[in-house]
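Heads up: the structure comes next, in structure tokens.
Order of listing sets the numbers, starting from 1, for every ligand and every atom in it.
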Amino acid sequence: MIRINDNYLNLQDSYLFSTIAKKVAAYTKENPDKKVIKLGIGDVTRPLAKEVILSMHKAVDEMGEKDTFRGYGPEQGYDFLREKIVEYDFKSRGVDILPEEIFVSDGAKSDSGNIGDILSVDNKVAITDPVYPVYLDTNVMAGRSGKYNKDTNKYENIVYIPTTAENNFVPELPKEKVDIIYLCLPNNPTGTTLKKDELKKWVDYAKENKSIILFDAAYEKFIQNKDVPHSIYEIDGAKEVAIEFRSFSKTAGFTGVRCAYTVVPNELFGYDKDGNKVQLNKLWNRRHSTKTNGVSYIVQRAAESIYSEEGQKQIMENIRYYMENAKIIKEGLKEAGYTVFGGENSPYVWLKVPDGLTSWEFFDKLLNEVNVVGTPGSGFGPSGEGYFRLTAFGTKENTIEAIDRIKKWSK
Ligand code: PLP
């Protein structure tokens, strides 16, 4: 008899993006003459940088020659890429990371979801709320949560740490002891960041409680303020308590190309059932080399190209383009009388929906009355209710038009 993983039955269907898609499709069908502008899903719109394309072409040509053809590569990633990552993403910020601590993969989604493979199901998990939904769902799948409670919109046995306007989006340390802590900074969806002293509190907490911080820095390249750390390893001692996820998706427009990496420092240890220390780098290496054959040579060459002088220039142009959109959204909404957050160190603007409306009611009004699509905050967790996310990943023309419509509508 085939027994299933019952934990999957405990998952709440994530209706978020499929519900959005259905509502937009229904509206468009009924109103074919209306131009709907989508500032909802966090996917990029700028094409890949020229340097990336050149490197990919070159790598494709190499694959067609018998002397330069490559088959399976190292599961953890090619040295040429791991060495560039070490130098440009870490050494340049005063952080010493070794190539062997870098694991190249197809995405920060898979890595942040799969990391639980090497951690016991008995660990107590804390997530900030609202946040990227993958952390919660993958822990439900693994059986680390209790049952879902309809009334609270929360799972038992998961510690939700609210980040809202009331606490200025700065998460408070959990009152109870937790073992696994997810931090997503800059945050999706709120767009907020933590300064070094604020992040240090989490590192200290993790050290004191023998906890691990799973630090998702997928939006690191969007940080503009000089005093915001780009990596958790900029905090002393973080290598003993944190794993960091990075992605080329938003950094370099790789959402469709697929490339990311995870840093598992050698100093980071977990404990077995007898309390013996076990190096997590070894476990992740074992897991990674058993379950994947890595990322294609062509894609890794493409990723490597963003670290060249020209590559950096080109990807930063795209980042500036999106950050200009974020400014347009943020300033425009403020002028229209909205209370807005984020958008300064991240491509997401997080707004408070007008009084008396839920996130979904605001979604419907915005779609039906101004034909603009965003994402209801409640889709990111219970504390997202009453908020709404707009992304800066659209085209500049569409962003300007969408914000103009909202401004006129709100008068
Ligand atoms: N982490 C966060 C916080 C995200 O918002 C996203 C995508 O939206 C990802 C990870 C996914 O990254 P990747 O495309 O590398 O899987």
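- Heavy-atom contacts of C184 reach the following atoms of ligand 1: 3 (C) (cutoff under 4.0 Å).
- Remark: minimum distance from atom 1 (N) of ligand 1 to any protein heavy atom is reached at D216 OD2, 2.7 Å.
- No donor-acceptor contact under 3.5 angstrom links the side chains of Y182 and Y132, judged on distance only.
- Residue K124 places its NZ atom among more than 12 non-hydrogen atoms of other residues, nucleotides or ligands, all under 6.0 Å distant.
- Classification of D6 and R3 as a salt-bridged pair holds, one side-chain N sitting under 4.0 Å from a carboxylate O.
- Ligand 1 has a nitrogen or oxygen under 3.5 angstrom from a nitrogen or oxygen of N188.
- Electrostatic pairing of K91 and E87 does not count as a salt bridge here, judged by no charged N lying under 4.0 Å from a carboxylate O.
- With a 4.0 Å cut-off on non-hydrogen atoms, Y219 touches ligand 1 through its side chain and not its backbone.
- Atom 16 (O) of ligand 1 has as its closest protein heavy atom R258 NH2, 2.8 Å.
- For E361, the side chain to side chain contact (heavy atoms under 4.5 Å, CB included) partners two or more places apart in sequence, or in a different chain, are L357, T358.
- The existence of a salt bridge linking K200 and E198 is excluded, since no basic side-chain nitrogen approaches an acidic carboxylate oxygen closer than 4.0 Å.
- Taking every non-hydrogen atom of S247 and a distance limit under 4.0 Å, the qualifying atoms of ligand 1 come out as 12 (O), 13 (P), 15 (O).
- When heavy-atom distances to ligand 1 are checked against a 4.0 Å cut-off, A218 comes that close only through its side chain, counted from C-beta outward.
- With hydrogens left out, the protein atom closest to atom 11 (C) of ligand 1 is Y132 OH, 3.3 Å, a heavy atom.
- Salt bridge status for K201 with D197: absent, with no side-chain N to carboxylate O gap under 4.0 Å.
- Short contacts between ligand 1 and G107, defined as distances under 4.0 Å to a heavy atom of the residue, involve ligand atoms 15 (O), 16 (O).
- Taking atom 7 (C) of ligand 1 as the reference point, the nearest protein heavy-atom neighbour is K250 NZ, 3.2 Å.
- Of the protein's non-hydrogen atoms, S249 OG, 2.6 Å is the one closest to atom 14 (O) of ligand 1.
- Note that K352 lies outside the cation-pi zone of Y338, set by a 6.0 Å cut-off to the ring centre and a 45° limit from the axis.
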